[in-house]
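Okay, structure first, notes after.
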Amino acid sequence: MSDAIIRTRGLTKRFGDFTAVDGLSLGVPRGSIFAFLGANGSGKSTTIRMLIGLLSPTAGTVEVDGIDVIHHPRRVRDRIGYMGQKVSLYRGLTLRENVEFYAGLYGLAGEDLERRWGGLRERFGLGAAEREEPEDLPAGIRQRAGLALATLHRPRLLFLDEPTAGVDVQSRGLFWELIQDEAQAGVTVFVTTHFLEEVDYCDWVCFIHAGRLIADDAPEALRSRWAEGYRIDVELPAAERGEAARRLAAAGMAAAETPAGLEVTARALGRAELAALHGLGEGARLRIEQPPMTDVFRRVLAGNGAHA
Amino acid sequence: MSEPLVRLRGLEKRYGRRLALAGVDLTLEDRQIFGVVGPDGAGKSTLLRALAGLLEIEAREATVLGFDLRGDVTALKARIGYVPQTFSLHRDLTVEENLRFTARLHRLREPEFTRRAGALLERTGLAPFTARATGALSGGMKQKLAVANALLPEPALLVLDEPTAGVDVMARAEIWALLEEARRGALVVLSTSYLDEAAASDRLAYLDGGRVVATGTPAELRAATALELYRAWADDARAAARAARALPYVQGARATGRFARVEVRRDRSPGPRQVVRDLVALGAGVQVAEPAEIDMESTLLALAAGAGR
């Protein structure tokens, strides 16, 4: 991973006798949506604080967008956007006044601000909320406003710490569409969540436990390593089953006959496996069962000796 | 037939001009895990507080465990365990001191306290931390303690407001194991924004605008959804989702991992075979398309859009 926007080596933080982060080496690819997961108390927040220059490590190195964070913490903060679980909007100020306040911190004003905020306001659906005070807004809209403010100064890297906690499913869906748009536009998104189905919205996932990395992979790769694999129910006329089973086997999938067709199992569903399924033709009716991420992470944790 | 555990008719709660609950009708016959779901601001927390006897309300009928919520609820409160959304145990007290404090309020005798607290601490994995200040526990441990604390007096009704928000998957599983055990002796009513927890509840109420819009088992709510769900598997699922949105009958499409979830309103659907054909014909790298069973996510989204009624 040569083009990493975040790179840490042996990152360690001790508080007295307690080691919160233990020799963490991370690489976050530029332009990716990067999920950073772990149980409560596993060292996630401590790591994020070190990455954004709010806490200095006991040992190790951190580089963010080419900057040595330990020596130049302030320079990092200009290049990143941060949004925590408790969106920091000032009470007593309307959303619009909050925008002007934050814009001022980044030297954004006048026409530049109007253009930038106008675009965000429309894309994030915040027009109606602009004159409201944040405490009167529903959680979902407050979170979108938080994201809009975090991206106001066009950071190349966004840190989102549990941005969807306590937000309803509709707002979570909208929120992830916005995050994917940001990534499409080249922004790197570093995100934490406890909604494990959201991991599938990400390109890469790291999982830490007791301050150490216990998984570091693409979501599908984790699934194929830790879950039972995919089960695919294929409805198919009896005459076509033999040939179909042979083809699927050639693509590395096991197929067993059922009364209605075939039951197929596959470790992963990559391009080759999908092509083989496509090759079964229009007569085949498929039902694909994907192992849920919740199961994957329970196994990752159990496999690493975590308390179940 | 015995009296239902909860019976609400036309329950209203007003805060100044705002009607937080605008006529809730709800009957809970027996012990179960009852999930309250719905969008932000729907009135979920208010309903839970009302059930716990914490609010002055208006109603045509409002009985909980046989007590009238419009009358004196002191005796009712002694039989209810309530876990609010924000952590509300004493942060300066240790784990054990907090439990002991609750035991005193409920006049639990020492042998009873020792037996029950010991079992709960064991079940939650908190046994090694009894001497730790509650404020120093991790988020997951705090919530496990809050639930254990509410269970200590063996309530007949346990009310929990988003007990697992911000809690990791292992601690969530432990909290659910506690709730499933509690269900044998108590009615458990909780709100949640996790889809898997909604799906694991015995029955659900979907709240919107201060009213119960739908109730039923998760399977019943799924079956009543006026949506069809399809998955289009592709190398670049984000491109597939964008392409799928262009089909005239598609309600919404979002990439998740290797597939795009495609939602189609049932009344506009040209039928599964045609939809599958259209999705594969999109190009956009779609290799395989399949009709999928409606899941909790689509069910809740449809209810939010008014398409599940």
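Since the model is a prediction, treat every value here as computed from it, not as a measurement.
- Contact tally against chain B (heavy-atom pairs below 4.5 Å) for A:Ala165, A:Ser42, A:Gly173: the top residue is A:Gly173.
- Among A:Ile288, A:Leu269, A:Ile141, A:Val167, the residue with the largest count of heavy-atom pairs under 4.5 Å with chain B is A:Ile288.
- Between chain B and the options A:Gly140, A:Ala139, A:Pro138, the largest number of non-hydrogen pairs under 4.5 Å is found for A:Ala139.
- A salt bridge (charged side-chain N to carboxylate O under 4.0 Å, His left out) with B:Arg238 holds for exactly one of A:Asp181, A:Asp200, A:Asp203; it is A:Asp203.
- Between A:Phe195 and B:Tyr194, the angle of the ring planes lies from 30° to 60°, which puts this pair in the tilted group.
- Of all the listed residues (B:Arg277, B:Arg254, B:Met296), the one sharing the greatest number of non-hydrogen pairs under 4.5 Å with chain A is B:Arg254.
- For the residue pair A:Glu282 and B:Arg273, the shortest heavy atom distance occurs at O-NH1, 4.0 Å.
- Two residues are said to be in side-chain contact when any heavy atoms from C-beta on lie closer than 4.5 Å; B:Arg172 and A:His194 fail this criterion.
- For chain B, the option among A:Gly270, A:Gly38, A:Pro292 with the highest count of heavy-atom pairs below 4.5 Å is A:Gly270.
- Comparing A:Glu177, A:Glu162, A:Arg298 by how many heavy-atom pairs each has under 4.5 Å with chain B, the most go to A:Arg298.
- At least one donor-acceptor pair closer than 3.5 Å links the side chain of A:Asn40 to the backbone N or O of B:Gly140.
- Side-chain N or O atoms of A:Arg172 include one that pairs as donor or acceptor with a backbone N or O of B:Ser193 at under 3.5 Å.
- Here the closest non-hydrogen pair linking A:Gln170 and B:Ala304 is OE1-CB, 3.4 Å.
- Atom CG in B:Leu195 sits 11.5 Å away from atom CG in A:Leu196 (nearest 0.5 Å).
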